[in-house]
Trainee: 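Below are the structure tokens for one structure; questions will follow.
Just so we're on the same page: letters track the sequence lines, and every chain starts at 1.
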Amino acid sequence: MFNKRVLIKNLLNLEPDNQKVSVMGWVRTFRNDQFIALNDGSTNKNLQVVLELGKFDNELLKRITTSAALKVDGVVIPSPGKGQKLEIKATSVEILGDSDPEKYPLQPKKHSLEFLREIAHLRFRTNTFGSVFRVRHALAFAIHEFFNDRGFLYMHTPIISASDAEGAGELFHVTTLPLNNVPKNEDGSVNFNEDFFQRSTNLTVSGQLEAELGATAFGNVYTFGPTFRAENSNTARHLAEFWMIEPEMAFYDLEDNMDLAEDFIKYIIKYAVDHNREDLEFLTQRLEEEEKQLPLEKRNEMKLLGKLEFVLQHQFERITYTEAIDILTESNYNKKKKFQFPITGWGMDLQSEHERYLVEKHFKKPVIIRNYPKEIKAFYMRQNDDGKTVAAMDILVPGIGEIVGGSQREERLDKLEQRMKEMNIPEKDLWWYLDIRRYGTVPHAGFGLGFERIVQFVTGMGNIRDVIAFPRTPGNAEF
RNA sequence: UCCUCAGUAGCUCAGCUGGUUAGAGCAUCUGACUGUUAAUCAGAGGGUCACUGGUUCAAGUCCAGUCUGAGGAGCCA
């Protein structure tokens with residue numbers, strides 16, 4: 001077998017005892033024609049491979065360049081040097097793939113994240129992105145583990161959808177119609193009868209409505225898949241293609257929903273803290289270095305790992321929308337007119353500066369806001385008895401803002417139909433959604449969590465484009 | 001989409017009120033050294049100053065437009 005290699009992560013934990021091993025990886029640095037720092041992506045730590053002087057010919061040594069791929073056979077011995085417990089004394093070195101040093105763009109030094117974004121195909125080979133993507137993987141794994149342990153069914157909702165029922169944003173159209181000669185109806189509109197699906201279709205903006213269908217048969221389901229929004233958003237928190245987790249639970253009210261969401265967030269953070277300590281320590285240090293460039297008042301009071309531990313140890317603050325408005329109205333910030341958008345009172349939508357104030361200045365921890373005015377929320381959210389609010393909840397976290405949006409869903413057919421009429425949502429497109437309310441309707445609830453945002457929160461990366469492998473943003477679909 | 005700032009070597013940046021041949025560190029190459037840890041030391045090569053147009057005797061520097069990126073805002077997850 002070709003691949004009998006030992007992972008460097010595992011190898012570094014061995015007690016050195018002249019074990020014969022075979023390792024493969026990419027060269028990070030090569031010093032003094034003797035010392036190769038070899039990395040295989042299993043950890044940020046490099047394996048030191050030592051080549052005895054004079055034992056390897058010059059032509060080979062010249063090909064050991066940064067990022068060349070190597071197969072090394074050797075024995076594990078204690079390292080006489082200071083930086084590491086053990087090293088490999090090489091008996092043979094095989095170049096699997098050369099790397100032209102004149103052209104290879106990465107150096108053993110700090111690169112800007114903007115530059116690395118332009119070479120996203122190579123940035124995994126840096127410590128920062130190595131850590132980020134190992135943490136991303138751990139979080140994804142923990143998500144499935146959390147739901148599986150609780151008896152949730154992983155449901156695959158369609159990527160191509162005919163409904164924009166949620167009105168969650170601008171759509172990417174899916175069509176096979178010839179773009180240079182689109183068939184038209186007599187009134188000038190596009191004739192979708194000639195299109196592949198014989199109707200207008202788009203990439204999904206959410207799997208929620210379909211997940212609700214699953215929940216009313218399986219009880220508890222969740223989705224975890226890609227989602228698409230064609231909004232022209234140019235921010236550090238938005239992507240045109242992102243991954244979303246959407247659990248949907250039958251026999252759940254808003255309270256149950258909030259409990260689950262809080263447990264869920266804590267579970268996956270704890271998983272990463274327990275399983276990716278080394279990566280998180282590296283990212284904590286990285287963030288600290290980066291923040292040294294900032295003025296004092298802009299730095300985070302807590303270091304990354306400290307912040308994660310803090311979130312695990314404390315209950316999320318739970319307040320109603322009405323209480324949030326009161327707190328904002330009474331705040332010194334408001335009295336000194338420091339908000340760019342003034343607090344105009346009950347019924348207003350919260351701006352991100354208001355959410356930040358609540359989370360970062362007032363409570364200084366994650367906050368769940370519930371019972372929003374129905375006018376500023378989606379049609380499917382359950383109307384409360386006061387006639388003014390709906391059973392919605394948003395979870396806000398420091399530094400990111402909204403990370404979860406959820407609600408108890410309206411299970412009463414008459415109330416749902418009435419709300420759809422008020423908001424001009426055509427019933428004929430959603431007959432299947434309404435059917436669920438006709439045949440054994442039950443109280444149910446769910447939420448959506450933007451995966452990249454939780455990865456940002458856990459890794460401390462400031463820009464969402466640095467926590468997804470190949471970001472899709474307006475004007476950018478490279479790779 | 002709006003506001004603000006930026007774009008100079010492969011990377012990170014300096015370049016003053018416009019003025020001779022545009023600089024540094026790192027990277028790369030050559031040599032020395034050989035238990036190094038982003039090794040060290042010596043030397044060398046490397047530039048359409050984002051692009052287009054304008055002002056001027058003279059533009060990296062000033063003006064206009066375009067493109068790209070960043071920060072903030074809106075929309076949201």
Side-chain angles (χ1 to χ4, degrees), chain A residues 28-37 45-54 61-62 65-67 77-84 87 89 99-119 122 126-127 166-170 205-208 226-246 261 293-294 298 339-341 349-353 355-356 376-378 394-397 400-406 447-457 462-468 473-476 478:
Chain A
R28 282 288 172 86
T29 62
F30 183 36
R31 288 182 285 268
N32 281 25
D33 287 349
Q34 281 182 86
F35 305 100
I36 303 169
K45 293 213 173 99
N46 299 324
L47 174 70
Q48 173 149 289
V49 174
V50 183
L51 310 186
E52 216 174 310
L53 275 174
L61 297 182
K62 282 210 161 133
T65 58
T66 307
S67 246
I77 56 168
S79 176
K82 277 187 187 134
Q84 57 283 318
E87 63 192 27
K89 191 172 157 192
S99 172
D100 184 347
E102 303 225 30
K103 292 185 182 149
Y104 186 67
L106 291 172
Q107 311 165 29
K109 73 163 205 176
K110 270 226 162 74
H111 290 91
S112 68
L113 295 172
E114 294 81 41
F115 169 66
L116 293 172
R117 229 170 270 153
E118 291 170 13
I119 48 165
L122 297 173
T126 64
N127 286 332
E166 202 192 342
E170 295 292 311
V205 293
S206 163
Q208 180 202 313
T227 307
F228 308 88
R229 307 268 168 98
E231 266 143 28
N232 192 7
S233 300
N234 292 288
T235 80
R237 309 181 290 288
H238 288 88
L239 292 164
E241 175 181 301
F242 63 100
W243 288 67
M244 192 151 64
I245 298 107
E246 295 176 293
Q293 325 258 338
L294 297 175
K298 287 212 168 175
F339 287 124
Q340 195 191 331
F341 293 89
D349 209 350
L350 296 179
Q351 303 292 324
S352 54
E353 60 168 341
E355 296 179 348
R356 289 183 84 107
I376 59 174
K377 288 292 179 183
D394 284 356
I395 301 186
L396 314 175
V397 298
I400 313 281
E402 184 182 341
I403 202 163
V404 163
F447 61 85
L449 175 135
F451 184 52
E452 281 75 18
R453 292 213 179 149
I454 194 86
V455 180
Q456 268 191 287
F457 183 71
N463 195 314
I464 200 163
R465 293 160 205 193
D466 297 327
V467 299
I468 188 165
T473 53
N476 197 342
E478 192 66 62

Trainee: Looking at every non-hydrogen atom in both residues, tell me the closest pair between A:G462 and A:Q456 and how far apart they are.
Mentor: O-NE2, 3.1 Å

Trainee: Is any side-chain nitrogen or oxygen of A:S79 closer than 4.0 Å to OP1 or OP2 of B:G35?
Mentor: no

Trainee: With P as the reference atom in both, quote the distance from B:C26 to B:U37 in angstrom, rounded to an integer.
Mentor: 15 Å

Trainee: In this structure, how many angstroms lie between the C1' atom of B:C33 and the CG atom of A:L53, rounded?
Mentor: 10 Å

Trainee: Between B:A27, B:G71, B:U12, which one does the side chain of A:N463 approach most closely?
Mentor: B:G71

Trainee: Mind checking A:H111 for me? I need base, sugar-phosphate or nothing, with any heavy atom below 4.0 Å counting as a touch.
Mentor: sugar-phosphate

Trainee: Record whether the side chain of A:Q48 comes under 3.5 Å of the base of B:U36 through a donor-acceptor pair of N or O atoms.
Mentor: yes

Trainee: When rounded to the nearest Å, what value does the distance between C1' atoms of B:G15 and B:C2 take?
Mentor: 33 Å

Trainee: Given B:U36, B:C29, B:C26, identify the nucleotide with an atom nearest to the side chain of A:E102.
Mentor: B:C29

Trainee: How far apart are the closest heavy atoms of A:R237 and A:I400, and which atoms are they?
Mentor: CD-O, 3.3 Å

Trainee: Rounding to the closest angstrom, what is the interatomic distance between B:C11 and B:G72 at atom P?
Mentor: 25 Å

Trainee: Considering heavy-atom distances to RNA chain B, does A:A240 or A:N232 have its closest nucleotide positioned more toward the 5' end?
Mentor: A:N232

Trainee: Under a 4.5 Å cut-off applied to non-hydrogen side-chain atoms, are A:P80 and A:E87 in contact?
Mentor: yes

Trainee: Report the nucleotide, chosen from B:G74, B:G35, B:C29, that has the shortest atom-to-atom distance to any side-chain atom of A:Q351.
Mentor: B:G74

Trainee: If you go through the side-chain atoms of A:N234, does one of them form a donor-acceptor pair with the base of B:U1 closer than 3.5 Å?
Mentor: yes

Trainee: Under 4.0 Å, counting only non-hydrogen atoms across every strand here, what does A:E353 touch: a base, just sugar-phosphate, or nothing?
Mentor: nothing

Trainee: What's the CG-P distance between A:N46 and B:U37, to the nearest Å?
Mentor: 14 Å

Trainee: Please report the distance separating the P of B:C57 from the corresponding atom of B:C5, rounded so that it comes out in whole Å.
Mentor: 31 Å

Trainee: Just checking, any donor-acceptor pair under 3.5 angstrom between side chains of A:S99 and A:Y104?
Mentor: no

Trainee: Is the base of B:C76 touched by the side chain of A:S233 through a donor-acceptor pair closer than 3.5 angstrom?
Mentor: no

Trainee: Send over the distance from A:I464 CD1 to B:G71 P, rounded to a whole Å.
Mentor: 12 Å

Trainee: Base, sugar-phosphate, or nothing for A:L239, non-hydrogen atoms under 4.0 angstrom?
Mentor: base

Trainee: Need one value for A:P101: base, sugar-phosphate or nothing, where a base atom within 4.0 Å counts as base even if backbone is also close, heavy atoms only.
Mentor: sugar-phosphate

Trainee: Return the value, rounded to whole Å, for the distance between atom NZ of A:K377 and atom P of B:C76.
Mentor: 9 Å

Trainee: Is there a side-chain contact between A:T473 and A:L239 (heavy atoms, below 4.5 Å)?
Mentor: yes

Trainee: Regarding A:E402, tell me which of base, sugar-phosphate or nothing describes its non-hydrogen contacts under 4.0 Å with the strands shown.
Mentor: sugar-phosphate

Trainee: For A:E452 and B:C76, what is the distance between atoms CD and C1' respectively, to the nearest whole Å?
Mentor: 14 Å

Trainee: What is the base-pairing partner of B:U1, counting Watson-Crick and G-U wobble geometry with both distances under 3.5 Å?
Mentor: B:A73

Trainee: What distance, rounded to whole Å, do you find between the two C1' atoms, one in B:C76 and one in B:U55?
Mentor: 46 Å

Trainee: Pick base, sugar-phosphate or nothing for A:F242, based on heavy-atom distances below 4.0 Å to the nucleic acid.
Mentor: base

Trainee: Would you state whether a donor and an acceptor, one from the side chain of A:E87 and one from the base of B:G35, lie under 3.5 Å apart?
Mentor: yes

Trainee: Partner lookup for B:U30, please. Criteria are Watson-Crick or G-U wobble with both distances under 3.5 angstrom; report none if nothing qualifies.
Mentor: B:A42

Trainee: Using OP1 and OP2 only, check whether a side-chain N or O of A:R465 sits under 4.0 Å from B:A70.
Mentor: yes

Trainee: Check whether any side-chain heavy atom of A:N127 lies under 4.5 Å from a side-chain heavy atom of A:R28, and answer yes or no.
Mentor: yes

Trainee: Hey, are the side chains of A:L61 and A:L51 touching, using non-hydrogen atoms and a 4.5 Å cut-off?
Mentor: yes

Trainee: Does any nucleotide pair with B:C57 by Watson-Crick or G-U wobble geometry, both distances under 3.5 Å, and what is it?
Mentor: B:G19

Trainee: Which nucleotide, B:C75, B:U37, B:G35, lies nearest any side-chain atom of A:K82?
Mentor: B:U37

Trainee: Kindly say if A:N32 contacts the phosphate of B:U34, meaning a side-chain N or O under 4.0 Å from OP1 or OP2.
Mentor: no

Trainee: Please state whether the phosphate of B:U36, meaning OP1 or OP2, lies under 4.0 angstrom from any side-chain nitrogen or oxygen of A:R31.
Mentor: no

Trainee: Whole angstroms only, please: what is the CD1-C1' distance between A:I36 and B:G35?
Mentor: 14 Å

Trainee: Quick one: is B:A70 close enough that its OP1 or OP2 comes under 4.0 Å of any side-chain N or O from A:R117?
Mentor: yes

Trainee: For B:A27 and A:T66 - does any side-chain N or O of the residue sit under 4.0 Å from the phosphate oxygens OP1/OP2?
Mentor: no

Trainee: Is there, by distance only and without an angle test, a donor paired with an acceptor across the side chain of A:Q84 and the base of B:U36 below 3.5 Å?
Mentor: yes

Trainee: Calculate the interatomic distance between A:E52 atom CD and B:U36 atom P; express it in whole Å.
Mentor: 16 Å

Trainee: So which nucleotide does B:G47 pair with, by the Watson-Crick or G-U wobble rule with both distances under 3.5 Å?
Mentor: none

Trainee: Think A:S112 has a side-chain N or O under 4.0 angstrom from the OP1 or OP2 of B:U12?
Mentor: yes

Trainee: Go through it in stages, so that I can follow the logic: the residues are A:R31 and A:T29, the test is side-chain hydrogen bond (donor to acceptor under 3.5 Å, both in side chains), and I'd like the CA-CA distance, side-chain angles, deciding distance and then a yes or no.
Mentor: CA-CA 6 Å; A:R31 288 182 285 268; A:T29 62; 3.1 Å; yes

Trainee: Taking atom P in both B:A6 and B:G45, compute the distance separating them and give it to the nearest angstrom.
Mentor: 34 Å

Trainee: If I pick the C1' atom on B:G47 and the same atom on B:G7, what distance separates them, to the nearest angstrom?
Mentor: 15 Å

Trainee: For A:K109 and B:C11, what is the distance between atoms NZ and C1' respectively, to the nearest whole Å?
Mentor: 4 Å

Trainee: Between A:F115 and A:T65, just flag the one whose closest nucleotide in RNA chain B comes earlier from the 5' side.
Mentor: A:F115

Trainee: Of the options B:U36, B:U12, B:C75, whose atoms approach the side-chain atoms of A:T235 most closely?
Mentor: B:C75

Trainee: What is the base-pairing partner of B:A64, counting Watson-Crick and G-U wobble geometry with both distances under 3.5 Å?
Mentor: B:U52

Trainee: Quick one: does A:N476's side chain get under 4.5 Å of A:R465's, heavy atoms only?
Mentor: no

Trainee: When the P atoms of B:G46 and B:G10 are considered, how many whole Å apart are they?
Mentor: 12 Å

